[in-house]
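When a ligand or atom number is given, it counts from 1 through the structure's own listing order. Small disclaimer: the values here were computed from a predicted structure and weren't measured.
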Amino acid sequence: MFGRMKDDLQRELASIRDAGLFKEERQILTPQAADIAVRFPEDAPRQDVINFCANNYLGLSSHPKVIEAAHDALNTHGYGMSSVRFICGTQDIHKQLERKISEFLGMEDTILYAACFDANGGLFEPLLGADDAVITDQLNHASIIDGIRLCKAKRYIYKNNDMADLEAKLIEARDARYRMIATDGAFSMDGTVAQIDKICDLADRYDAVVMVDDCHCTGFMGKTGRGSAEHCGAMGRVDVITSTLGKALGGSSGGFTSGRKEIIDLLRQRSRPYLFSNTVSPVVIKASIAVIDLLSETTELRDKLEANTQRFRKGMTSAGFDIKPGEHPIVPIMLYNAKLSQSIARDLYDEGIYVIGFYFPVVGKGLARIRVQLSAGHEFSHIDRAIDAFTKVGKKHDILGKSKEEIIAVHGE
Ligand SMILES: *Cc1c(COP(=O)(O)O)cnc(C)c1O
């Protein structure tokens, strides 16, 4: 009977609310883009805002070519597959997309999944057993953590982006049959890009395989958008890349693993989220082919994103904000105080700028921030409006030009 469980769940939900951690969903009333309309809370009036919190890095979520390809797929390949790949569900276009992704990333082969969460969930268990070791970055994405939980390999956690600690853990794991290093290509709360070149150097020295989850890099990091490996000058050195079709590459859904041929071959035989989950819809596949074709022809969009990122980072720094330095379109505006991050986000929303404040436990204690995400869908005018709004709100809260200590002295930790 549900009765006793119901009481417990209600208590649990109340405690989440009391802790101020209850996640409310905001309704977007338009297609995903730079200019959107949002309703929040549900009975509030519609608010027109400039969106700075989507993973729509290349502005492709509502791109005319992508929409056209999706429409075309319905006509040529139908809507759904109603089958897993290995029973009756693979179409020519699925194989075509896998080839195109492999070519784009410079990898030997690619296997598609319903999501990158599934790609990570189905990666470790078929490859690693009790005699093996996974050496994993402390800040890796939840799906990597869960994927590792599903395999029997011994787990070693190294400090975020800390090469000395990674080396220490590789030495600790020297007796394992195989060592696999697992890292996010970019860490989503900080916008830090992992040091893929140095990770590959250590992998060479200690005989390890390298896995990179490039969800926050594929399509735009690196001179031609190949991702974190290109950004770090390590193309061809990474053994396995997992990534998503749900961020820069059109933003719908779907994920994939690209890598050495034998690894992908074995995943097709043994990876459970692939074997026991439905084939990705033809609509997503054809739209993704259009995206990869577009990104293979020109670097225009990633170049525009880079220019937008530079303009925003420079403008915010001159305005006196404390931002985490870097080159990634994820730009954390450090505020240190949880309440302050929430009131600034709310004030910006009233100014028509849509951003989200993050605080513990999503980021470390005393490291509250607003995370801004730039997009190639933004024009300079959007960026300048955001900097102006930030400046106005920053003045109101008296944080411009203030150091961490000064902000904490006024607002508390
Ligand atoms: C978003 C994200 C995922 C999940 O991708 P989906 O395709 O949405 O399941 C996995 N890993 C990282 C690092 C991500 O940022």
Within reach of ligand 1, part of Ser143 (heavy-atom separation under 4.0 Å): side chain

Minimum-distance protein heavy atom relative to atom 3 (C) of ligand 1: His141 CE1, 3.4 Å

Steps toward ring-ring contact (aromatic ring centres under 6.0 Å, His included) verdict (Phe52, His378): CA-CA 9 Å; Phe52 285 96; His378 293 131; 4.2 Å; yes

Where ligand 1 meets Asp184 - atom numbers and elements under 4.0 angstrom, heavy-atom basis: 13 (C)

Where ligand 1 meets His216 - atom numbers and elements under 4.0 angstrom, heavy-atom basis: 15 (O)

Proximal ligand 1 atoms for Asp213, defined as those under 4.0 Å from one of its heavy atoms: 10 (C), 11 (N), 12 (C), 13 (C)

Proximal ligand 1 atoms for Cys215, defined as those under 4.0 Å from one of its heavy atoms: 2 (C), 3 (C), 10 (C), 11 (N), 12 (C), 13 (C), 14 (C), 15 (O)

Exam field: side chain Glu351 to backbone Val393, donor-acceptor pair closer than 3.5 Å: no

NZ or CZ of Arg179 within 45° of Tyr206 ring axis and under 6.0 Å: no

Contact list for residues 58-71, test side-chain hydrogen bond (donor to acceptor under 3.5 Å, both in side chains), sequence neighbours left out: Asn56-Ser61

Donor + acceptor pair across side chains of Thr257, Tyr274 (<3.5 Å): no

Results of side-chain contact (heavy atoms from CB on, under 4.5 Å) for Val280 - residues two or more places apart only: Val284, Ile285

Sub-4.0 Å heavy-atom contact, Gly254 with ligand 1: yes

Protein contact of atom 8 (O) of ligand 1 - nearest heavy atom, named by residue and atom, plus distance: Thr244 OG1, 4.0 Å

Polar proximity ligand 1 side, Phe117 side, N/O cut 3.5 Å exclusive: yes

Aromatic plane relationship, His411 with His397 - under 30° parallel, 30 to 60° tilted, over 60° perpendicular: tilted

For Lys247, atoms of ligand 1 separated by under 4.0 Å from a heavy atom: 1 (C), 2 (C), 3 (C), 14 (C), 15 (O)

Proximity to ligand 1 by part of Cys116, non-hydrogen separation under 4.0 Å: both

Mutual orientation of the aromatic rings belonging to Phe312 and Phe390 [parallel < 30°, tilted 30-60°, perpendicular > 60°]: perpendicular

